[in-house]
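In each ligand, atom 1 is the first atom listed, and ligand 1 is the first ligand listed. Scope of the values below: all heavy atoms of this structure, side chains included, with no hydrogens, waters or symmetry mates. In this text, all values refer to a predicted model and were calculated from it rather than measured experimentally.
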Amino acid sequence: MRGLMQDWPMLVHRFIDHAARNHKGAEVVSRTIEGGVHRTGYGQIQTRAKALARALKRKGIRPGDRIATLAWNTHRHLECWYGIAGMGAVYHTLNPRLHADQIAWIANHGGARALFYDNCFAPIVEAIAPKLKHVEFFVALGDEVSPIKTGKKVLPYEKLIAGKGNFNWEALDENSACGLCYTSGTTGDPKGVLYSQRSNVLTALIAGQSSSLHMGPRDRMMPAVPMFHANGWAIPYLAPMTGASLVLPGAKLDGASLYEMLEAEGVTITAGVPTVWLNLLQHMDQNRLKLSHLKRVCIGGAAVPRAMVERFEDDYGVEVTHAWGMTEMSPIGARSSIKPPLDKLSRERQLDFKVKQGFPHFGVEMKITDDKGKERPHDGKSFGRLKVKGPNVARAYFKGMGKEAFEKDGWFDTGDVATMDTHSFMQITDRSKDVIKSGGEWISTIQIENLAMGHPAVAEAAAIGIAHPKWDERPLLIVVLKPGATADKEMLLAHLAGKVAKWWLPDAVAFVDEIPHTATGKIRKTELRRRFADFKFTA
Ligand code: ADP
């Protein structure tokens, strides 16, 4: 017998429709690419997204076509997501921090028929335009449009969406493709993840249930994570779904600019990768600043250092939620928040759990296995390959790349190495490609890095394996000191001693001016391994 409830296809336009109808008081504030602050609301976003959908249809774009965006978080980029997906096409986010050749490769692989760009990316667009095989026209998102040479038509966005008329959102099958986002390529070639309308709706529902990105109409959310990184962490859906206002920081993600937006716009919740918060904390330290409105910060994309949790929570009274996810998971996977019986523990012990990546959200199944696929125990110690399943997890990459990650029985191998404990807290010990193999055993680079970052003189730290004649590999700790601070190898090793097994202690410490980062702000280990390829340990 079938249930007697209504069929309500899960389509993303429902988020903006809901907010336009029920959250008229919510604001969408953007720092524009030109530098000013623009204010609007969900009703206007909906109207303009419909105008864009209408214009795309007029230009011959059909459901399933990919439309690329090369843009920061602004109201126009938000309109693009809803307008493109609402007429059945697929928004295809490009990461402007990648090399131009890589951006062109991704746009070609994705098959983008048009490219929308922020004016600040005009030089990239000019450079890649001759290589783009499928792009028929470009759309400049700025207030004003400077002429650029692309060999194709360049339309001003405001002109494109001008004119009156309504648009009825396309009546789509909820499993239709909606968004295409490539992984940031931290460990290998970027691979395309093709979200469906349904998976995006479910993701927002799932993220909204959690304490990680949970928000409501009285919140003002500032995503410091760009919309091109891992489905924008679903925040462009979650905010209108919950009625929260959105504060979009545009191109300026440095500590001073973020601080300015947090304070001036009364931001209560924000989200981003650890490097962004390192910069914010440094800016606040240097200028002795306080936070007046911020209540919660969601930190993910890379492991949060314990010292960062302590700084936010103890010095600023801002609650940290540590979240783990992947582009392939839409991207929400797990979050670390204290639940019974852990609430009875001391603060120090609770922090041990906070820095873990946490327990799965509803809708995410997780297991750890050995290389042969046999499950490993959940004792908080046994390492294994982390595998996941669920309605928001990719079942294939776009155009069949990376088939080996998808197992026959539906499990997706994340490429992460993790432990799980009896409270279902998962802890990533490494990416399988970064783990240091010493004497047949594994050393977790993440744990070493996080402990090193707890030393008061250390601004940032990375651990990599260096070939060793006896042990196969041994750890090298690479450190950037805080401005004006001093420390030497002995001081850092003394700080780590007793906190990790003795054989985990790095054999050497290299002091550098800067650690390279990926296009999504993660430590670029591949580059560090290249730079230190000839490094030799001295006895
Ligand atoms: P890429 O794999 O190219 O970096 P993603 O941005 O999708 O692309 O990154 C997903 C990966 O980021 C995860 O597999 C994991 O290794 C890492 N990651 C994400 N969140 C965390 C976290 N909280 N702690 C540690 N690692 C994390």
Side-chain angles (χ1 to χ4, degrees), residues 93 95 97-98 102 106 179-195 203 207 210 212-213 225-234 271-277 297-306 308-309 320-337 353-361 364 366 368 383 385-388 392-394 397 401-402 405 412-419 425-435 444-450 453 462-463 516-527:
T93 48
N95 183 338
R97 295 180 181 139
L98 292 172
Q102 218 170 7
I106 291 173
L180 177 62
C181 178
Y182 281 66
T183 61
S184 45
T186 307
T187 58
D189 284 336
K191 292 185 271 302
V193 179
L194 189 61
Y195 306 114
T203 295
S210 74
S212 56
L213 282 168
V225 50
M227 287 163 72
F228 55 76
H229 182 202
N231 208 19
W233 296 13
V273 296
T275 40
V276 163
W277 307 124
V297 54
C298 173
I299 308 181
V304 65
R306 189 182 182 104
M308 188 178 281
V309 181
V320 171
T321 309
H322 185 196
W324 169 84
M326 306 181 73
T327 307
E328 293 88 332
M329 300 182 75
S330 303
I332 313 289
R335 88 288 197 174
S336 187
S337 57
F353 285 93
K354 273 212 141 165
V355 295
K356 293 188 178 200
Q357 280 65 23
F359 50 93
H361 296 266
V364 176
M366 236 177 226
I368 47 171
F383 296 60
R385 302 178 78 95
L386 178 64
K387 299 181 181 170
V388 292
N392 303 337
V393 180
Y397 287 115
M401 291 178 83
F412 167 69
D413 188 335
T414 62
D416 286 332
V417 180
T419 61
F425 272 63
M426 178 274 286
Q427 181 159 31
I428 307 257
T429 56
D430 242 311
R431 290 183 164 215
S432 53
K433 290 183 180 159
D434 292 340
V435 75
S444 158
T445 63
I446 293 186
Q447 266 192 54
I448 297 178
E449 288 158 4
N450 282 352
M453 303 250 281
H517 292 106
T518 67
T520 49
K522 305 182 191 196
I523 293 176
R524 192 188 290 279
K525 296 259 172 107
T526 46
E527 168 66 14

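- Proximity of Q357 to ligand 1, defined as any heavy-atom pair under 4.0 Å, is confined to the side chain (atoms from C-beta onward).
- Nearest-residue assignment for atom 13 (C) of ligand 1 (options D416, V355, V273; heavy-atom criterion): D416.
- The two atoms that bring A303 and N450 nearest to each other are CB-ND2, 3.9 Å, heavy atoms only.
- Residues A418 and I368 come closest through the heavy atom pair O-CG2, 3.6 Å.
- By the criterion of a heavy-atom distance under 4.0 Å, the backbone of A302, and not its side chain, is placed next to ligand 1.
- A pairwise comparison of heavy atoms in P305 and M453 identifies CG-CE, 3.3 Å as the closest pair.
- For the residue pair T520 and R97, the shortest heavy atom distance occurs at CA-NH1, 4.1 Å.
- When heavy-atom distances to ligand 1 are checked against a 4.0 Å cut-off, A323 comes that close only through its backbone atoms N, CA, C and O.
- A side-chain donor-acceptor contact under 3.5 Å links D430 and T445.
- The contact set between ligand 1 and G301, taken as ligand atoms under 4.0 Å from a residue heavy atom, comprises 12 (O), 17 (C), 18 (N), 19 (C), 20 (N), 21 (C), 27 (C).
- If you look at A303 next to ligand 1, the close heavy atoms, those under 4.0 Å, come from the backbone and the side chain alike.
- Evaluation of the side chain to side chain contact (heavy atoms under 4.5 Å, CB included) rule for A302 yields P274 as partners, not counting sequence neighbours.
- For ligand 1 and K522, the ligand atoms under 4.0 Å from any heavy atom of the residue are 4 (O), 5 (P), 6 (O), 9 (O), 10 (C), 11 (C), 12 (O).
- Considering every non-hydrogen atom in both Y195 and T327, the closest pair reads OH-O, 2.7 Å.
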Next item on the list: Decide side chain to side chain contact (heavy atoms under 4.5 Å, CB included) for I332 and L213; before the verdict, give the C-alpha distance in whole Å, the side-chain angles of both, and the deciding distance to 0.1 Å.
Entry: CA-CA 10 Å; I332 313 289; L213 282 168; 3.8 Å; yes
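- Under a 4.0 Å criterion applied to the non-hydrogen atoms of H322, ligand 1 contributes the atoms 22 (C), 23 (N), 24 (N).
- Contact between G415 and ligand 1 is absent, with no heavy atom of the residue lying under 4.0 Å from the ligand.
- An N or O contact shorter than 3.5 Å is missing between I299 and ligand 1 by distance.
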task: Walk me through it: do K356 and M426 pass the test side chain to side chain contact (heavy atoms under 4.5 Å, CB included)?
output: CA-CA 6 Å; K356 293 188 178 200; M426 178 274 286; over 6 Å; no
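- In T327, the parts holding a heavy atom less than 4.0 Å from any atom of ligand 1 are both the side chain and the backbone.
- The closest approach between any non-hydrogen atom of A230 and ligand 1 is not below 4.0 Å.
- M329 does not count as a contact of ligand 1, since none of its heavy atoms falls under 4.0 Å from the ligand.
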